[in-house]
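Hydrogens, waters and symmetry mates are skipped; everything else that's a heavy atom, side chains included, is used.
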Amino acid sequence: MGGRAITVLNVAEKPSVAKSVASILSRNQGLRVRDGRSRYNRIFEFNYTIRGQPCQMLFTSVLGHLMELDFDDRYRKWHSCDPADLFQAPVHKFVPEDKKDIKRTLEEEARRCQWLILWLDCDREGENIAFEVINVCTAANPNLTIKRARFSALIDREIHQAVQNLVEPNKWFADAVDARQEIDLRIGATFTRFQTMLMKDAFVIDTVTDGRNTVLSYGPCQFPTLGFVVERYWEIQAHEPEEFWLIKCSHRSDEGVANFSWERGHLFDYTCAVIIYEMCIEEPTATVTKVTPKEKPKYPPHPLSTIELEKRASRYFRMSSERTMKVAEELYQGGFISYPRTETDNFSSRTDLHAIVQEQQGHPEWGIYAQRLLDPGAGLWRNPRGGGHDDQAHPPIHPTKFSAGESGWSQDHRKLYELVVRHFLACVSKPALGAETTVEIDIAGERFSACGRVILERNYLDIYIYDRWDGSMIPNYAIGEQFIPTTLTLDPGKTNPPPLLSEADLLSRMDKECIGTDATMHDHIKKLLDRFYATKDANMCFTPTNLGEALVMGYDDMGYKLWKPDLRAVMERDMKSVSEGNKSKAEVLDTSLQQMKTCFLDARLNKVKLLEAMAIFFERLNRVGSDEQNGTGVVVRRCRLCQESDMVLKKNRDGNFMVGCRSYPQCRSVVWLPGSISEAVVTTNACNNCTPGPVYLIQFKFQQLKIPPSYNVNHLGCIGGCDEILTQLTEICGTGSRMPARGRGPTASTSNVHHTNPRSTASTSNAHHTNPRQAVCSHCQETGHSSNDCPSQTRRSRNPQYPGMNQQNGESSVACSSCGTPCGLQTANTDSNRGRDFYSCQTQGCRFFVLEEQNIVHGFETAICLRESYDLYYRRWVDDLNNGSEGRSFPRSNSTPASNRGRNGGRGSRGRGRNGSNSSNGTFVSATGDPISDRRCYTCGDPSHFANVCPNRGGL
DNA sequence: GCAAGGTC
């Protein structure tokens with residue numbers, strides 16, 4: 001090789017890469033720079049030798065995509081075609097106005113070059129941009145030799161290797177993006193036009209969109225994002241709080257307080273909880289069974305990726321992801337932080353991390369920490385742990401220039417820069433270290449544990465002020481030590497609905513479901529706000545608006561997953577197939593557009609679902625065209641219906657003439673005119689026949705081809721009823737009304753549907769959506785009512801009487817021992833006892849045992865019995881009741897005469913055997929001494945005994 | 001007036 005130098009045009013995806021690569025290749029020797037046509041994209045020049053071939057290198061860049069995709073002009077206007085046509089309408093790629101200058105630079109430089117080397121990012125979008133550049137350059141110079149440089153990092157070795165091993169551009173990658181673009185465009189435009197026009201014609205929605213021009217956009221990323229918000233909102237609405245019970249235990253000594261948590265967490269079954277609690281307070285002595293001291297590290301975060309930056313800025317500063325990215329971009333432009341759009345959370349081993357720390361040594365706030373990091377004696381340094389993501393293009397976000405704050409910076413700039421620096425310093429720091437001691441105790445076979453922590457080393461916590469890790473002291477315990485709990489209580493609790501989605505949650509969700517890219521997620525979130533689909537509160541949490549909820553509800557009612565991430569997931573899989581050469585672009589386009597078109601046509605047939613969903617929240621408009629509303633038009637006559645306004649000649653949205661009352665929508669009087677009219681002008685001549693006058697005559701001109709030949713195209717007509725020609729032509733040609741002719745006329749108005757409380761209506765309607773808890777009654781598994789209104793439940797729990805133990809056989813009633821209120825029969829609706837009956841005090845709050853200090857107080861404030869379980873657990877008490885001692889305090893003695901057992905024993909007829917054997921061999925027996933065979937030990941599952949005598953548990 | 005994807 002060798003010989004004459006050739007001229008090589010090199011193009012990168014962005015100016016910064018052009019500059020970096022040019023610097024690396026030229027080693028900054030003889031590097032010249034000049035301006036191109038575009039103010040951002042300069043041209044670097046230097047000499048280089050590729051495999052022995054001397055080259056004069058010209059290095060410039062684009063700004064991401066050079067081209068856009070859109071429909072041909074005749075389909076651009078919204079009313080130019082049926083939205084369904086957009087699935088086939090011709091599309092073309094073009095260079096938009098703001099990229100024309102880049103195009104000119106490429107053309108001019110390409111003309112004097114022999115080679116074109118593409119340095120676009122090495123991902124699918126980059127490959128697609130490469131082909132856009134090829135298109136522009138080869139159009140200017142068809143003789144170009146085209147080469148692709150593949151590189152994964154902007155470092156010397158990588159770049160030199162890339163240029164010495166040039167490859168062919170990957171058409172499959174580019175094709176995948178082409179398909180994605182086309183599908184996005186066609187689906188987006190079709191559904192956006194369809195739903196916008198549908199809703200704007202049917203409802204008053206301007207009120208919720210600030211009166212701005214309303215576009216109800218649909219997109220394969222924005223809609224699933226909205227879907228996440230709505231879905232969570234529905235989950236919250238559907239949540240039925242469920243009561244649970246938990247035993248809490250605390251112990252105070254001279255050394256402090258330990259709060260012990262119950263190993264079972266909580267139980268939904270009140271009876272079970274009471275039983276276990278009773279066991280505990282019968283034998284309240286706690287025995288320390290285990291004391292486990294261990295050192296526990298708390299690790300610093302992984303190096304910072306874009307999504308993490310957005311999530312953390314949202315959590316720490318309540319900064320929106322959109323604002324974060326704007327500020328980060330500005331910090332990047334100013335050279336203060338590295339490239340902010342990166343998926344990488346792993347530093348390359350080649351990155352000089354120490355140098356980055358060194359830069360920060362002079363900072364008034366964190367400079368000292370940076371110095372400590374660099375001091376080997378301090379032992380604070382630790383090489384960062386990566387999170388396993390690498391986009392092969394950019395490093396994690398890190399500071400690139402020291403700043404103690406610039407004069408032009410806003411508070412947001414300061415906060416974000418500080419976060420980036422602190423995050424970086426934390427990454428290269430040792431984890432914090434704590435000494436944790438877990439103490440386990442046993443009370444009557446129930447296990448509880450408490451944990452104390454002492455922070456031994458703060459390490460990274462000193463710099464990462466956003467993470468909290470506190471110590472908590474508990475007294476010292478020794479194994480075998482016993483004590484009486486200071487408090488031992490059975491506390492109620494209830495399940496809470498999940499929280500609204502925060503911005504950080506939303507980003508995580510999008511990331512997980514592959515909605516959008518790290519560079520675009522914040523755009524999709526912002527779009528929800530811009531389109532009035534959702535609002536964000538002060539806590540950065542998202543709530544759907546009526547509009548957003550109605551749209552999702554409408555599609556959901558149709559049974560479509562258009563608002564779910566599935567569609568995007570399928571597209572993503574298709575793109576992957578194309579980029580791997582397993583499917584062709586045409587194949588993917590064909591099938592997926594065909595499917596989407598079928599889906600669209602079906603959705604349009606089912607548009608009533610969308611309309612119904614919208615009607616829950618919005619006032620019906622009942623207009624035919626937007627012009628009918630605005631009260632303009634020339635007066636034809638006084639309105640005979642409302643007798644308040646004038647009837648005026650107008651055109652509806654489709655360009656058809658009509659004479660309607662100016663008081664629309666209050667007055668809906670209208671005269672529809674033949675659809676064949678091309679012109680209509682109200683004259684000053686009044687009709688001589690029609691009353692009450694004046695009824696001004698209208699000069700019509702008809703379209704020749706739309707009326708029978710026997711009629712004249714010009715006609716001076718009257719809409720007062722006397723004009724037979726007009727009547728005939730209306731009959732023959734029909735009208736411009738979209739409504740069927742028979743339903744029309746002044747009295748054909750449909751009543752407005754206006755729900756004054758749309759939310760409450762919505763929640764009713766929600767019952768048929770999405771959340772199975774709402775859709776199906778949790779008691780009887782049937783639809784048509786909520787769990788709260790289940791007939792199987794209300795029949796019992798709302799019994800007007802206060803029955804006795806057994807309503808059927810008329811036994812005596814039960815009174816609460818505490819307040820004397822008769823106890824009502826209820827039916828358990830908790831997991832393990834669903835459908836079972838029990839008695840419970842009707843007085844609110846009258847329910848619980850209380851153990852105060854060390855004096856056991858049997859504040860048994862509820863008469864309770866599970867009919868099916870009493871002989872398992874509560875025979876003693878039941879027997880007490882049966883002995884006429886109802887209302888007594890909860891029994892503590894085992895004094896029930898065995899002879900009384902049989903009384904309610906009939907309910908034990910489910911085959912529960914009672915053979916009278918005793919408990920001495922570890923078999924659990926009921927309080928009456930009967931063995932229990934159909935219950936299992938909570939601890940080991942063994943049916944032969946119950947947990948309080950389980951041999952597998954220590955301490956007893 | 002419509003999408004999502006690059007990037008200043």
Query - Stepwise side chain to side chain donor-acceptor pair (under 3.5 Å) test for A/Glu503 and A/Ser321 - result: CA-CA 8 Å; A/Glu503 185 145 5; A/Ser321 49; 2.4 Å; yes
Query raised in the report: To the nearest angstrom, how far is A/Phe173 atom CZ from B/dG5 atom C1'?
Result: 16 Å
Report summary line: From CG of A/Leu589 across to P of B/dA3 the rounded distance in Å is 19 Å
Report summary line: Taken to the nearest whole Å, CD1/A/Ile129 to P/B/dT7 is 7 Å
Query - Nearest-nucleotide pick for A/Ala519, side chain only, options being B/dG6, B/dA4, B/dC8 - result: B/dG6
Requested in this report: Compare side-chain N and O positions of A/His79 against OP1 and OP2 of B/dG1 and report whether any pair is under 4.0 Å apart.
Outcome: no
Query raised in the report: Taking NZ from A/Lys14 and P from B/dC8, how many angstroms apart are they, rounded to a whole number?
Result: 7 Å
Report task. Give the rounded distance in Å between these two atoms: NZ of A/Lys526 and C1' of B/dA4. Result -> 15 Å
Query raised in the report: Under a 4.5 Å cut-off applied to non-hydrogen side-chain atoms, are A/Leu551 and A/Tyr533 in contact?
Result: yes
Requested in this report: Would you mind classifying the nucleic acid contact of A/Phe191 as base, sugar-phosphate or nothing, using non-hydrogen atoms under 4.0 angstrom?
Outcome: nothing
Query raised in the report: With a non-hydrogen cut-off below 4.0 angstrom, is A/Gly516 in contact with a base, only sugar-phosphate, or nothing?
Result: sugar-phosphate
Report task. Give a yes/no answer on whether the side chain of A/Tyr339 brings an N or O atom under 4.0 Å of OP1 or OP2 in B/dT7. Result -> yes
Query raised in the report: Should we count CZ of A/Arg34 as having more than 12 external heavy atoms under 6.0 Å?
Result: yes
Query raised in the report: Any idea which of B/dA3, B/dG5, B/dC8 is nearest the A/Ser217 side chain?
Result: B/dA3
Query raised in the report: Can you check whether A/Trp78 stacks with the B/dG1 base, using ring centres under 5.5 Å and planes within 30°?
Result: yes
**Report entry** A/Lys99 side-chain proximity, nearest of B/dG6, B/dG1, B/dA4
**Finding:** B/dG6
Query raised in the report: Is the Lys NZ or Arg CZ of A/Lys93 less than 6.0 Å from the centre of A/Phe131's six-membered ring, within 45° of the axis?
Result: no
Query raised in the report: Between B/dG6 and A/Thr517, is there an OP1 or OP2 to side-chain N/O distance shorter than 4.0 Å?
Result: yes
Query raised in the report: Where the side chain of A/Arg186 meets the backbone of A/Leu86, is there a donor-acceptor pair that is under 3.5 Å apart?
Result: yes
**Report entry** Under the side chain to side chain donor-acceptor pair (under 3.5 Å) test, residues paired with A/Asp518 that sit two or more places apart
**Finding:** none
Requested in this report: Answer with base, sugar-phosphate or nothing: what part of the nucleic acid does A/Arg568 contact at a heavy-atom distance below 4.0 Å?
Outcome: sugar-phosphate
Query raised in the report: For A/Arg180, which contact category applies under a 4.0 Å heavy-atom criterion: base, sugar-phosphate, or nothing?
Result: base
Query raised in the report: Out of B/dA3, B/dG5, B/dG6, which has the shortest distance to the side chain of A/Glu13?
Result: B/dG6
Query raised in the report: Closer than 4.0 Å, any side-chain N/O of A/Arg531 to the OP1 or OP2 of B/dA3?
Result: yes
Query raised in the report: Among the nucleotides B/dA4, B/dG6, B/dC2, which one has an atom lying closest to any side-chain atom of A/Asp184?
Result: B/dA4
Query raised in the report: Considering only B/dT7, B/dG5, B/dC2, which nucleotide approaches the side chain of A/Asp70 most closely?
Result: B/dC2
**Report entry** Distance in angstrom units between A/Arg341 CZ and B/dC8 C1', rounded
**Finding:** 9 Å
Query - Sugar-phosphate, base or nothing in reach of A/Gln222, heavy atoms under 4.0 Å - result: sugar-phosphate
Query raised in the report: What's the CZ-C1' distance between A/Arg186 and B/dA4, to the nearest Å?
Result: 15 Å
Query raised in the report: Relative to each other, are the rings of A/Phe191 and A/Tyr218 parallel, tilted or perpendicular (30° and 60° limits)?
Result: tilted
Query raised in the report: Hey, does A/Phe223 reach any base, or is it just sugar-phosphate, or nothing, if we go heavy atoms under 4.0 Å?
Result: nothing
Query raised in the report: For A/Val62 and A/Cys221, take the nucleotide of DNA chain B holding the closest heavy atom to each; which residue's nucleotide lies nearer the 5' end?
Result: A/Cys221
Query raised in the report: Which is true for A/Pro83 with a 4.0 Å heavy-atom rule: it touches a base, it touches only sugar-phosphate, or it touches nothing?
Result: nothing
Query raised in the report: Between B/dG1 atom C1' and A/Leu86 atom CG, what is the distance in whole Å?
Result: 13 Å
